[in-house]
Amino acid sequence: MFKARIKADNLKEFIGTVGSLVDEAKLNISEEGLQIKAVDPSHVAMIEANLVKSAFDSYEAKSMEMGLDIDKFKNVLTVASKDDMVELEMDDKLNRLVVNIGNLTRAMPLLDTSGMPDPKVPSLDLPASVSVAVGEIGQGLKASKSVSDHIALSTTKDSFRLVCEGDNQNSVDVSLGKDQLEKLDSAEDATSLFSLEYFALMVNSLPSDRILHINLGNDLPVKIDADLAVDDMTGAQGNVKFLLAPRIDRD
Amino acid sequence: MGIQLGPLLETRKIKVEELSGQRVAIDGFNVLYQFLTSIRQADGSLLTDPKGRVTSHLSGILFRFSKLVEKGLKLCIVFDGKPPALKKNLLEQRRRRKIKAQIEWEAAIEAGDTETARTKAQQTTRLESHMINESKKLLDLLGIPWVDAPSEGEAQVASLLNQGMVDYGASQDFDTVLFGASKFIRNLTLSGRRKLPKQQKWVEVSPEIIDLEMSFQKLELNREQLIDVAILMGTDFNPGIDGVGPKRGLKLIQEFGKAEGALEKLGKEIKNLDEIRSLFLEHPFVDFNPEWKTPNVESTLSYLCDDFSFNKVRVEKALEKYVDAKPRGRQFTLGDF
């Protein structure tokens, strides 16, 4: 059984981060809250998103799995404004999720979860970490899109850089010093190259004032952690973790 | 020519961009036939230079490959060698069909029926040895490595894959999986809009990856058994059993484990069964370590524009894509870490 009530904003954010990578996902429901772990179809990126019970106005649940059409779910939530309340209820009989927003009731059939993999999280030792607001790098990512399809992230002990190099000497370079960063801890220099599309999708799934905690290595996947369901009074009631595999120059 | 294994296999549509930095071995005969079939004028005649020499294959290599190279793919072309003796019947059939199509093409032009003319013309497509040599010369100039397979090109593609010399194979022929290609791509050089034969309709074609491992899991078969399914349906090396398509073939092998049992049940016989199997399982190949070089712009221009009268501006533009193609790094997956 599952029945919960939550502010639209918090649910949209949770589903939106997942939707940046996959169209379908398995929602794990427990007495403590919701969790989605998913890997994109080409196994380049992975997400783990959690929303704890306290993010909800009311929450009653027994352990269960639910196959969600994330695209459809996102679509349903677009009708809700930020402060609307969304009610979710599992309809066991018809195997569907019933979403109530104001006077609107939307029932969504659930998907078969048997084909949805439980992604294995690689164990990584990433030497550099940097914390930066989404807004600080958003412009750089936007500008890069017309230049190339890949972006290099690098840290030194004094700065965090995003460099995108394209054809015919086109390039975008964003360099952030310690005063523009929340935190920087990079004893050794670290650089890895990533698909711009994936990286931008992940970053842009979060609001511009959200802080990204980025862990970086040399030619290693990047790990990005951020808070979800942030409330000025009570703090974060959830979190998201992204992993993105790098591109590596062969020659 | 392409056994219909499609419905049995797990495929995933991809964007060409996903293959950036990946080394892809392309079945050369397959792709040259594709160019010669599709790069034609409205009435079906091939592109030629003022001397009447065919240029469709060169045009295909320069322009269509440039779109892949531009996205960071590293191409390696594999040409067929001597066909196995068991393929003789099929090749003879194809030869006769082409002669018939040639006559029908000429008749259609006579009658002013361009639509039929084009279709018939495409069926006459012949890959001649001078075209192969011209293609190889152009590949050399463009810095794209190529290799002559001792026999079937698809088998050579599979061996390059299994030896880790390339990351993907590319062909339209599903036979490639029978030769053991673990990761292969269809529609790589075709993507975009494609006309349906005999209709004024276009469909959007995008490249797809065939995942052999996943397919085997889903079908609960191993490679030997998939080969047996194919043999029942008919391959390049045998005509197959009447009325056995992918679904029935799969069911038979799932039930009986191998072709012998299925044939006994059907009361049929397939000649040279073991020989056909070993053509797929133990096909000859050569060791080859592909090396990618920088394109020779001057010589390419001279070859295509001076020798074959290509438009210089268009060739220069295409060549820019080869020159600008910087290594963008190969996309790894999380499973690699």
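Just so you know, these numbers come straight off a predicted model, no measurement behind them. Each chain gets a letter, A, B and so on, in the order its sequence line appears, and its residues count up from 1.
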Heavy-atom count around A:Gln139 CD within 6.0 Å, excluding the residue itself: above 12? no
Looking only at heavy atoms, what is the nearest atom pair of B:Phe337 and A:Pro122, with distance? O-CB, 3.7 Å
If you compare all heavy atoms of B:Arg12 against all heavy atoms of A:Ser42, which two are closest, and at what distance to 0.1 Å? NH1-CB, 3.6 Å
Side chain, backbone, both or neither: which part of A:Asp40 has an atom under 4.5 Å from a heavy atom of chain B? neither
Minimum heavy-atom distance B:Leu334-A:Ala45, with the two atoms named: CD1-C, 3.6 Å
Heavy-atom count check: over 12 atoms from other residues, nucleotides or ligands less than 6.0 Å from A:Asp125 CG? no
Least distance between heavy atoms, B:Phe332 atom then A:Ala245 atom: O-CB, 3.1 Å
Counting only heavy atoms from other residues, nucleotides and ligands, does the tally under 6.0 Å from NZ of B:Lys136 exceed 12? yes
Could you tell me which non-hydrogen atom of B:Gln331 sits nearest to which non-hydrogen atom of A:Ser195, and how far apart they are? OE1-CB, 3.7 Å
Take atom CD of B:Gln163 as the centre, draw a 6.0 Å sphere, and report whether it contains more than 12 heavy atoms from other residues, nucleotides or ligands. yes
Is it true that, when you exclude A:Met64 itself, more than 12 heavy atoms of the residues, nucleotides or ligands shown sit nearer than 6.0 Å to its CE? yes
So which part of A:Leu124 gets closer than 4.5 Å to some heavy atom of chain B, the side chain, the backbone, both or neither? side chain
Toward chain A, the part of B:Lys218 with a non-hydrogen atom under 4.5 Å: neither
